[in-house]
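First up is the structure itself, then whatever we jot down about it.
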Amino acid sequence: MGSESSSLRNVSISEKQLIEKLSYDVILYEGKLNSSNQKISMFEDLSKENLFTNYTVERPLARTIHNLKIYRHPYSIVKFLASTSDKILVTELLHGSLARVIKSQNEIQTCLGLKNILNALIFLVETAKMRHLNVCIESIFVTVEAGHWKLNGFEHVFKSADITKEFLQKSRPFRNKVSIDPHESDGTGLEQFAFATLCETVISRNDKIPYAEGFLTYCQTHLKHKNPSVRPLLSAVLLHDFFNHDFIVIHSFLAELPLKSQQAKVEFFKSLTGKLKQFDENIIGSQLSDLLLSRLVLLE
């Protein structure tokens with residue numbers, strides 16, 4: 001987590017191009033910073049009034065800015081770059097929301113993406129002790145640089161202590177209806193239910209992702225259990241085979257290479273070529289090329 005703040009007082013944005021119209025009269029643009037020519041994404045609040053009235057006193061984008069400044073993750077949460085007042089948010093370059101680009105995502109991107117979102121939720125809920133009340137396809141954005149799925153929708157992020165039965169009831173009109181747990185009372189397990197709904201939205205039982213069918217059954221029977229108190233911890237979901245097949249293990253090992261022991265690296269690289277041959281070369285190129293060609297990997 002980090003609490004450093006930035007502003008746009010000395011930064012001007014050029015080449016602003018409309019990408020997507022989002023909820024609450026927020027518009028997503030692609031732009032460029034004049035100072036550095038860096039391509040960025042910009043969220044702008046065009047509403048004339050607070051559309052969150054009766055939910056929270058802050059405007060939606062203002063809450064997002066506040067939370068993204070504080071709750072940062074190296075690869076799973078949309079990266080905050082700067083903001084101006086509560087009307088403009090500048091982030092890393094994004095294709096748009098997952099809802100906009102989902103049809104272009106292949107099975108491996110889907111599996112890696114869901115793991116990324118799960119890691120973001122584990123960080124928020126189990127480490128930062130925060131709650132995300134609207135985990136859904138509209139709250140996920142896809143980066144241009146590496147095609148990573150990143151969690152946003154931070155207008156719906158609140159402290160655990162703020163979540164009461166009354167507050168949840170008040171929040172319902174502003175949340176994705178399909179992702180709301182019909183059994184929610186005090187908020188126990190609501191992220192598990194919403195994450196399971198997300199998985200059911202983006203995974204088909206006919207997908208070629210290993211263990212996809214079993215994982216969808218797991219979502220229905222465990223993450224959506226009628227008794228929220230017996231739903232597994234989010235960190236326990238990472239242990240499912242769906243997130244531990246060869247491609248995901250390879251991707252994770254390469255990304256975390258500096259943390260691995262020399263013996264683990266030796267064993268990994270011995271078997272790497274044979275394991276990569278299982279997968280389509282286009283998927284390897286799109287999802288692993290940067291990692292495989294990194295300086296650390298080449299030194300090994």
Side-chain angles (χ1 to χ4, degrees), residues 2 6 13 16-33 38-46 59-83 86-106 108-125 128 130 132-157 174-176 178-179 191 194-195 197-199 201-203 255 286-287 290:
S6 304
I13 297 172
K16 190 169 76 170
Q17 177 185 354
L18 175 65
I19 298 297
E20 189 175 358
K21 294 181 179 180
L22 307 171
S23 303
Y24 318 119
D25 290 340
V26 173
I27 309 296
L28 175 64
Y29 298 99
E30 179 180 320
K32 186 182 286 187
L33 300 179
Q38 177 186 357
K39 287 188 174 182
I40 50 86
S41 286
M42 184 180 82
F43 296 77
E44 184 172 5
D45 180 358
L46 299 180
R59 301 166 70 97
L61 190 62
R63 277 202 60 80
T64 297
I65 292 169
H66 172 79
N67 283 323
L68 286 181
K69 281 182 179 180
I70 299 172
Y71 303 105
R72 303 184 184 222
H73 194 278
Y75 54 84
S76 294
I77 290 173
V78 167
K79 185 177 181 181
F80 171 90
L81 296 181
S83 64
D86 61 353
K87 288 284 193 175
I88 293 178
L89 163 66
V90 175
T91 71
E92 62 191 308
L93 188 60
L94 305 167
H95 278 301
S97 70
L98 179 59
R100 178 174 178 264
V101 302
I102 185 61
K103 291 182 180 179
S104 66
Q105 302 291 292
N106 61 45
I108 292 297
Q109 287 173 314
T110 298
C111 190
L112 288 170
L114 288 172
K115 185 176 184 182
N116 232 26
I117 299 308
L118 183 57
N119 278 322
L121 291 173
I122 292 168
F123 165 71
L124 277 179
V125 176
M130 300 296 289
H132 196 304
L133 305 188
N134 201 41
V135 178
C136 62
I137 196 169
E138 291 82 12
S139 294
I140 298 167
F141 287 74
V142 180
T143 67
V144 169
E145 184 177 358
H148 292 154
W149 292 15
K150 295 202 173 185
L151 186 62
N152 197 12
F154 271 53
E155 65 272 21
H156 297 284
V157 170
F174 302 91
R175 296 156 60 193
N176 183 294
V178 177
S179 301
E191 287 89 356
F195 182 73
T197 302
L198 170 67
C199 293
T201 301
V202 301
I203 303 172
S286 64
Q287 301 301 312
D290 287 348

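- Applying the side-chain hydrogen bond (donor to acceptor under 3.5 Å, both in side chains) test to Asn119 and every residue at least two apart in sequence or in another chain returns nothing.
- Considering only residues two or more places apart in sequence or on other chains, Asp290 meets the side-chain contact (heavy atoms from CB on, under 4.5 Å) condition with none of them.
- For Glu155, there are no salt bridge (Lys or Arg N to Asp or Glu O under 4.0 Å) partners, not counting sequence neighbours.
- For the pair Leu68 and Leu89, the minimum side-chain heavy-atom distance is below 4.5 Å.
- Listed by chain and number, the residues in a salt bridge (Lys or Arg N to Asp or Glu O under 4.0 Å) with Glu92 are Lys150 (sequence neighbours excluded).
- Residues passing the ring-ring contact (aromatic ring centres under 6.0 Å, His included) test with His73, sequence neighbours excluded: Tyr75, Phe123.
- Among residues two or more places apart in sequence or in another chain, the side-chain hydrogen bond (donor to acceptor under 3.5 Å, both in side chains) test is passed with Lys115 by Ser252.
- By the ring-ring contact (aromatic ring centres under 6.0 Å, His included) test, Phe174 is found to be paired with Phe52, Tyr55, residues two or more places apart in sequence or in another chain being considered.
- Residues satisfying the side-chain hydrogen bond (donor to acceptor under 3.5 Å, both in side chains) criterion with Ser41, sequence neighbours excluded, are absent altogether.
- Scanning for ring-ring contact (aromatic ring centres under 6.0 Å, His included) contacts around Phe195 gives an empty result, with sequence neighbours left out.
- Checked against side-chain hydrogen bond (donor to acceptor under 3.5 Å, both in side chains), Thr110 has no partners two or more places apart in sequence or in another chain.
- Take Arg100 and apply the side-chain contact (heavy atoms from CB on, under 4.5 Å) test, not counting sequence neighbours, and it matches Ile19, Glu20, Ser97.
- Gln287 is linked by a side-chain contact (heavy atoms from CB on, under 4.5 Å) to Ile108, Gln109, Leu112, Phe247, Ile283, counting only residues two or more places apart in sequence or in another chain.
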